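For reference, the structure discussed in these notes is given below.
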Amino acid sequence: MAKILTSKNENYSQWYNDLVIKADLAENSSVRGCMVIKPYGYAIWEKMQSVLDKMFKDTGHSNAYFPLFIPKSFLSREADHVEGFAKECAVVTHYRLKNSPDGRGIVVDETAKLEEELVIRPTSETIIWNTYKNWIQSYRDLPLLINQWANVVRWEMRTRLFLRTAEFLWQEGHTAHATKEEAIEETLKMLDVYSVFARDWMAMPVIKGTKTETERFAGAVDTYSIEALMQDGKALQSGTSHFLGQNFAKAFDVKFLDKQGKLEYVWATSWGVSTRLMGALVMAHSDDSGLVLPPKLAPLQVVIIPIYKKREELEVIATRAGDIRQQLSAAGITVKFDDRDTYKPGWKFNEYELKGVPVRLALGPRDIENGTVEVVRRDTLEKRSFPAGNIVETVKNLLDEIQDNIYRKAFDFREKNTTRANSYQEFRDLIENNPGFVLAHWDGTSETEEKITADTRATIRCIPLDGEKEKGKCMVTGKPSAQRVVFAKAY
RNA sequence: CGGGGUGUAGCGUAGCCCGGUUAGCGCGCCUGCUUUGGGAGCAGGAGGUCGCAAGUUCGAAUCUUGCCACCCCGACCA
């Protein structure tokens, strides 16, 4: 087979870059750091969106839309928030262009300077809380459960398709609650939604946990995240959920009258996942032949490819293929019959493997004669012949099996690459030689965390919520530790 | 923002050191014929501001200067 991609083992990061482009997911645009998401990539994102959107609606949230522009003064209302984002904001200063005096092109019209500069949202807390102030007066207005699908801009130094781009697409939930307990509950509920989505739809196991102070969202009291392990042993933060306390309520003066008639600040959360999930999806399952997509998110689940020599053969095959397509389609399966005669079957096989289509059916004269269909599953590339009669059952079972199998594979990979360090020496050794999650004891201080990061380039991904809470001693300082935390090198 | 590298057709590249035919090759694209169970073959064809600008020169893809863009490695980040 012709080699299209850089091999994963040879150069993982090149493999990823090649794959995103060759599988037609996205490409770099002529705008620095900004990508074009191509139709095939966008179709996957749309599937993710529709599943997540339903999950949000099912948990009581409504969609709304807030402006792209944020008055500069809003951003500085919450001290930590502005400090966290100031370094990567794009700013609009003017609202008009004019013909250049030298006749060459157009220039900014300096007379059209904005009185207050506008920041392109890096996230929407400030504009949203400024708005919520007007929406919330009494406990009857709470909880306020809003989500928005939007683009945001963070002026990143170094970008990579999907994993880190200057502009990206995401959803951001912003909720307001009467009590602290309810807000914390909401934060954890949405973290759970993300982890279920990752597990059941992306077939990607994740660890739920709390972020340390250094990794916390700017303006949050607590940040929770789901952390996934990629095939190169690096961790990818795949979603975050923040308990914002009353920080934004205080900054934007959002108060409500409780049942006792007392004026109180509301409690807030925010949570989001982005097009980074696309990167996670690619890196979680794919191989040297191309993408491996979970059937539940694949834009195209089944492709049928005809194999024929003569025109008359194609006619018979097309009739049979059309019939199969109709049956599969009626069963809710997305299917395409690729009868283009401009490409040969072998070319198509490689193409659909590159694009990660979970199941491929081939129909040739031999199949017509024997009443069979050749079935190839993308995850294992295993090829088998099945009777054409109950092809719907066969394909349905196979799609389920692939979904399960790639999850199990990703899960096993994570298990195999999750290790425990009981001394700092052992830890450094593991981080250096066994990329993956390393569970170790830490004393809870930023100083120790910084030392570890400086020594090893590994960071604390999270303090896990689930699992055993084994007590121990910090591997660096020997001070007491309530539980092991997750370390890894991260994207 | 530091360190390194690269810009030649849609993509990948040769040529540059040592200036001198019509800038070469592979993939892709177009036309035709033969093909079609794992990226087909042959024949013909189209496609180039050699990143941009200035300079040196009889002559610049090639030398000089400036600028721009992108990639890789660091610091920063969903």
Side-chain angles (χ1 to χ4, degrees), chain A residues 1-5 11 13-14 17-18 21-22 27-34 83-89 104 122-123 151-172 194 211 214-218 220 223-228 235-242 270-280 289-290 305-311 313-314 317 338-354 360-370 372-376 381 383 385 453-454 457 459 461 490-491:
Chain A
M1 186 181 68
K3 198 177 141 197
I4 295 290
L5 300 168
N11 185 341
S13 122
Q14 191 62 45
N17 293 340
D18 279 7
I21 288 168
K22 299 261 170 63
E27 62 188 31
N28 281 307
S29 70
S30 35
V31 184
R32 180 199 179 89
C34 295
E83 200 194 319
F85 285 106
K87 296 186 296 275
E88 47 185 13
C89 285
R104 289 195 288 187
T123 179
N151 59 337
V152 286
V153 169
R154 296 181 187 175
W155 214 261
E156 299 290 350
M157 306 278 187
R158 280 185 62 195
T159 58
R160 289 189 74 191
L161 293 172
F162 291 120
L163 298 174
R164 181 169 300 107
T165 46
E167 179 192 15
F168 57 93
L169 307 184
W170 77 346
Q171 58 67 218
E172 44 181 326
Y194 291 153
K211 284 293 192 182
T214 35
E215 301 263 330
R216 193 177 293 157
F217 174 75
T223 288
Y224 298 83
S225 73
I226 52 170
E227 300 285 331
L236 185 72
Q237 181 180 124
S238 307
T240 49
S241 186
H242 314 290
S270 70
W271 28 273
V273 292
S274 71
T275 37
R276 174 178 259 197
L277 286 180
M278 294 287 295
S289 304
I305 296 172
I307 292 151
Y308 58 94
K309 285 198 175 63
K310 305 189 201 74
R311 205 73 224 167
E313 284 175 343
L314 176 61
I317 291 165
D338 186 352
D339 63 349
R340 289 177 295 175
D341 62 357
T342 45
Y343 294 99
K344 292 184 58 175
W347 191 92
K348 293 178 187 172
F349 294 167
N350 285 290
E351 181 69 8
Y352 290 108
E353 277 164 20
L354 188 58
R360 182 179 82 226
L361 306 181
L363 269 180
R366 290 207 297 270
D367 295 298
I368 298 298
E369 199 175 314
N370 303 331
T372 56
V373 183
E374 182 188 272
V375 180
V376 179
L381 294 175
K383 188 186 284 188
S385 233
T453 303
R457 306 194 32 71
T459 50
R461 298 323 304 152
Y491 275 95

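Just so it is clear, the values below take in all heavy atoms, side chains as well, and ignore hydrogens, waters and symmetry mates. Here the structure is a predicted model, which is why all the values come from computation and not from measurement. Below, chains carry the letters A, B, ... as their sequence lines are ordered, and counting in each starts from 1.
Taking atom C1' on both B:rG2 and B:rG10, the two are 35 Å apart, rounded to the nearest angstrom. B:rU21 and B:rG26: their C1' atoms are spaced 24 Å apart (whole Å). B:rA53 and B:rC11 are spaced 27 Å apart, taking the C1' atom of each and rounding to whole Å. Here, B:rA14 and B:rG32 have their C1' atoms 31 Å apart, quoted to the whole Å. Here the separation of B:rG47 from B:rU64, taken at their P atoms, is 33 Å to the nearest Å. Comparing B:rA23 with B:rC50, their P atoms sit 11 Å apart, to the nearest whole Å. Between B:rC63 and B:rC16, the distance separating the two C1' atoms is 10 Å to the nearest Å. Between B:rA54 and B:rU62, the distance separating the two P atoms is 14 Å to the nearest Å.
Regarding A:Asn370, its CG atom lies at a distance of 18 Å from the P atom of B:rG37, rounded to whole Å. Look at CH2 on A:Trp155: it is 23 Å from P on B:rA75, rounded to the nearest Å. Rounded to whole angstrom, the span from the CG atom of A:Leu5 across to the P atom of B:rC27 amounts to 20 Å. A:Arg160 has its CZ atom 11 Å from the P atom of B:rC71, to the nearest Å. The distance between atom NZ of A:Lys211 and atom P of B:rA78, rounded to the nearest whole Å, is 8 Å. The nearest whole Å value for the distance from the CD atom in A:Glu88 to the C1' atom in B:rA78 is 9 Å. Between the NZ atom of A:Lys22 and the P atom of B:rC11 there is a distance of 13 Å, given to the nearest Å. Atom pair A:Trp347:CH2 and B:rA40:P shows a separation of 10 Å (rounding to whole Å applied).
A donor-acceptor distance shorter than 3.5 angstrom exists from the side chain of A:Lys348 to the backbone of A:Arg340, with no hydrogens or angles considered. At least one donor-acceptor pair closer than 3.5 Å links the side chain of A:Glu313 to the backbone N or O of A:Lys309. With hydrogens and angles ignored, the 3.5 Å screen pairs a side-chain donor or acceptor of A:Ser274 with a backbone N or O of A:Arg276. Distance alone, capped at 3.5 Å, places no donor-acceptor pair between the A:Arg154 side chain and the A:Ala166 backbone.
Of the two residues contacting RNA chain B, namely A:Ala490 and A:Pro365, the nearest-nucleotide position lying further toward the 5' end is that of A:Pro365. Both A:Asp367 and A:Ser238 sit near RNA chain B, but only A:Asp367 has its closest nucleotide nearer the 5' end.
For A:Arg457 against B:rG74, a side-chain-to-base donor-acceptor contact under 3.5 Å is absent. For a distance-only test at 3.5 Å, the side chain of A:Lys383 qualifies as a donor-acceptor partner of the base of B:rG38.
Taking the side chain to side chain contact (heavy atoms under 4.5 Å, CB included) definition, one finds that A:Glu167 meets it with A:Cys34, A:Asn151, A:Val153, sequence neighbours left out. Qualifying side chain to side chain contact (heavy atoms under 4.5 Å, CB included) partners for A:Arg32, counting only residues two or more places apart in sequence or in other chains: none. Shown here are the ring pair (Phe, Tyr, Trp, His ring centres under 6.0 Å) partners of A:Tyr308, two or more places apart in sequence or in another chain: there are none. For A:Phe168, the ring pair (Phe, Tyr, Trp, His ring centres under 6.0 Å) partners are A:Trp170, not counting sequence neighbours.
Summarising the local packing, CH2 of A:Trp347 is surrounded by more than 12 heavy atoms from other residues, nucleotides or ligands at distances under 6.0 Å. When the shell of 6.0 Å around CD of A:Gln14 is examined, it contains more than 12 heavy atoms from other residues, nucleotides or ligands.
In this structure, A:Arg32 does not reach the B:rC71 phosphate: none of its side-chain N or O atoms is under 4.0 Å from OP1 or OP2. OP1 or OP2 of B:rC71 has not a single side-chain nitrogen or oxygen of A:Asn17 nearer than 4.0 Å.
Considering only the side chain of A:Glu353, B:rG38 comes nearest among B:rG37, B:rG38, B:rA75. Taking the side chain of A:Arg158 as heavy atoms from C-beta on, and the options B:rA75, B:rG39, B:rG37, the nearest nucleotide is B:rA75. Considering only side-chain atoms of A:Asn28, the nucleotide from B:rC71, B:rC1, B:rG39 that sits closest is B:rC71.
Within 4.0 Å of A:Leu236, counting heavy atoms only, lies no atom of the nucleic acid at all. Within the nucleic acid shown, A:Thr165 comes within 4.0 Å of at least one base atom, counting heavy atoms only. A:Thr240 comes within 4.0 angstrom of nothing in the nucleic acid, heavy atoms only. Residue contacts for A:Phe168: at a heavy-atom cut-off of 4.0 Å it reaches a base atom on one of the strands shown.
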Between the protein and nucleotides 31-36 of chain B, which nitrogen or oxygen pairs are less than 3.5 angstrom apart?
from: B:rU36; atom 1: O2'; to: A:Tyr308; atom 2: O; distance (Å): 2.9

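For an aromatic pair to be called close, the ring centres must be under 6.0 Å apart, and A:Phe217 with A:Tyr224 fails this.
The pair A:Arg360-A:Glu353 meets the salt-bridge criterion, with a side-chain N (NZ, NE, NH1 or NH2) lying under 4.0 Å from an Asp/Glu carboxylate O.
In RNA chain B, the stems built from three or more successive Watson-Crick or G-U pairs (distances below 3.5 Å) are B:1-7 with B:68-74, B:10-13 with B:24-27, B:29-34 with B:40-45, B:51-55 with B:63-67.
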